[in-house]
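Model, not experiment: these values are computed from the prediction. The basis for the numbers below is simple: all heavy atoms, side chains too, and nothing from hydrogens, waters or symmetry mates.
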Amino acid sequence: QELPEMALLKFFRPESTPVPARPTPEQLSNLIKTSLHYPESFSHSFHQKSLCLVPVTLLLSNCSQAVVDVMIDLRHKTTSPEALEIHGSFTWLGQTQYKLQLKSQEVYSLQLKACFVHTGVYNLGTPRVFAKLVDQVTLFETSQQNSMPALIIINNI
């Protein structure tokens, strides 16, 4: 009795499609870099005009290769008593929330106005910035890392 001829079996595996790795919370909180541009000090005559308006530019840079949805909230206030003692309170004039989309590596410049009623040292670093990848299905954006305090000195003329 003859043995049947042995054939080599070949196994084929389809090319594995790489599953995109989910970005870590650390990566998601560094999608957008922000910087505030404003005068270091600003002189205003509070006797002539009680409100002092200072132009401030919020620069948003998309650090990722992806399209990112960005939400800016200006309603956040510093509520700790120590911060208020040092910096006092001020108001952002105009629109308080912005939603925009930044392309890969795009830099966007947002023009803001800060309103002061007293002389003093203030921290302009109150805008909260949230971001998420456009193709990411999440209910909320990730809060972006906040930069250092942005101090401005308001003087009376």
Side-chain angles (χ1 to χ4, degrees), residues 18-157:
V19 178
R22 276 188 64 75
T24 65
E26 171 73 16
Q27 289 168 319
L28 287 175
S29 67
N30 287 298
L31 291 172
I32 302 293
K33 288 278 180 254
T34 59
S35 61
L36 286 167
H37 298 270
Y38 57 92
E40 218 172 89
S41 67
F42 195 85
S43 295
H44 175 80
S45 174
F46 284 97
H47 302 298
Q48 289 180 350
K49 213 172 173 189
S50 59
L51 295 181
C52 170
L53 304 180
V54 178
V56 177
T57 302
L58 175 60
L59 215 56
L60 303 153
S61 307
N62 181 354
C63 299
S64 75
Q65 298 297 323
V67 180
V68 175
D69 280 330
V70 182
M71 204 268 292
I72 298 120
D73 188 355
L74 300 177
R75 299 170 303 171
H76 182 62
K77 292 280 179 242
T78 309
T79 51
S80 71
E82 308 82 42
L84 285 174
E85 275 174 34
I86 303 166
H87 308 301
S89 184
F90 72 97
T91 304
W92 292 107
L93 279 194
Q95 194 174 330
T96 57
Q97 284 187 310
Y98 296 85
K99 284 187 188 224
L100 34 117
Q101 204 172 72
L102 295 182
K103 295 180 187 75
S104 166
Q105 306 293 314
E106 184 180 353
V107 176
Y108 185 83
S109 177
L110 189 60
Q111 302 306 314
L112 306 171
K113 278 212 183 318
C115 177
F116 305 91
V117 292
H118 301 291
T119 59
V121 178
Y122 298 87
N123 179 12
L124 295 176
T126 61
R128 289 190 303 177
V129 178
F130 301 92
K132 75 176 185 66
L133 299 173
V134 165
D135 56 6
Q136 192 179 32
V137 184
T138 46
L139 295 173
F140 59 90
E141 291 93 349
T142 305
S143 179
Q144 299 302 289
Q145 300 262 320
N146 208 346
S147 54
M148 301 296 286
L151 300 180
I152 184 172
I153 301 166
I154 303 298
N155 298 307
N156 193 15
I157 302 175

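- Looking at heavy atoms from C-beta onward, Ile32 lies out of side-chain contact with Cys63 at the 4.5 angstrom threshold.
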Fill in: Candidate pair Leu31 and Val70, rule side-chain contact (heavy atoms from CB on, under 4.5 Å), full reasoning
CA-CA 10 Å; Leu31 291 172; Val70 182; over 6 Å; no
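- Using a distance-only test at 3.5 Å, with no hydrogens or angles considered, a donor-acceptor pair links the side chain of Asn62 to the main chain of Leu102.
- The backbone N or O of Leu151 lies less than 3.5 Å from a partner atom in the side chain of Tyr38, making a donor-acceptor pair.
- Counting all heavy atoms, side chain and backbone alike, Asn156 lies closest to Ser45 at OD1-CA, 3.6 Å.
- Atom CD of Gln48 has 12 or fewer heavy atoms from other residues, nucleotides or ligands within 6.0 Å.
- Taken from CG in Leu59 to OG in Ser35, the straight-line distance is 4.5 Å, to the nearest 0.5 Å.
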### Task
Show the numbers, then the answer: is there a side-chain contact (heavy atoms from CB on, under 4.5 Å) between Phe42 and Asn155?
CA-CA 6 Å; Phe42 195 85; Asn155 298 307; over 6 Å; no
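- Contact check for Ile72 versus Leu100: side-chain heavy atoms found under the 4.5 Å cut-off.
- Going from atom CG of Leu93 over to atom SG of Cys115 covers 4.5 Å, rounded to the nearest 0.5 Å.
- With ring centers used as reference points, Phe46 lies under 6.0 Å from His44.
- Looking at Gln105, its side chain does come within 3.5 Å of a backbone N or O of Ser64 through a donor-acceptor pair.
- Put simply, the side chain of Asp73 never gets that close to the backbone of Arg128: no donor and acceptor are under 3.5 Å apart.
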Next item on the list: Give the C-alpha distance, both sets of side-chain angles, the deciding distance and a yes or no for side-chain contact (heavy atoms from CB on, under 4.5 Å) between Lys132 and Val68.
Entry: CA-CA 6 Å; Lys132 75 176 185 66; Val68 175; 6.0 Å; no
Next item on the list: Determine, stepwise, if the pair Ser104 / Glu106 fulfils side chain to side chain donor-acceptor pair (under 3.5 Å).
Entry: CA-CA 5 Å; Ser104 166; Glu106 184 180 353; over 6 Å; no
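- Rounding to the nearest 0.5 angstrom, the gap separating the OH atom in Tyr122 from the CZ atom in Phe90 is 9.5 Å.
- When the side-chain hydrogen bond (donor to acceptor under 3.5 Å, both in side chains) test is applied to Lys33, the partners found at least two apart in sequence or on another chain are Asn30.
- At a threshold of 4.5 Å between non-hydrogen side-chain atoms, the residues Ile153 and Val121 count as touching.
- Between Gln101 and Asp69, the side chains place a donor N or O and an acceptor N or O closer than 3.5 Å (distance only, hydrogens not considered).
- Within a 6.0 Å radius of NE2 in His37, other residues, nucleotides and ligands contribute more than 12 heavy atoms.
- Environment of CD in Glu40: sparse, with no more than 12 heavy atoms of neighbouring residues, nucleotides or ligands closer than 6.0 Å.
- With values rounded to the nearest 0.5 angstrom, Cys52 atom SG is found 7.5 Å from Ile152 atom CD1.
- At least one side-chain heavy atom of Leu60 sits less than 4.5 Å from a side-chain heavy atom of Val129.
- Taken to the nearest 0.5 Å, the OG1 atom of Thr34 stands 11.5 Å off from the CG atom of Leu110.
- The distance from the CH2 atom of Trp92 to the CG atom of Leu58 is 7.5 Å, given to the nearest 0.5 Å.
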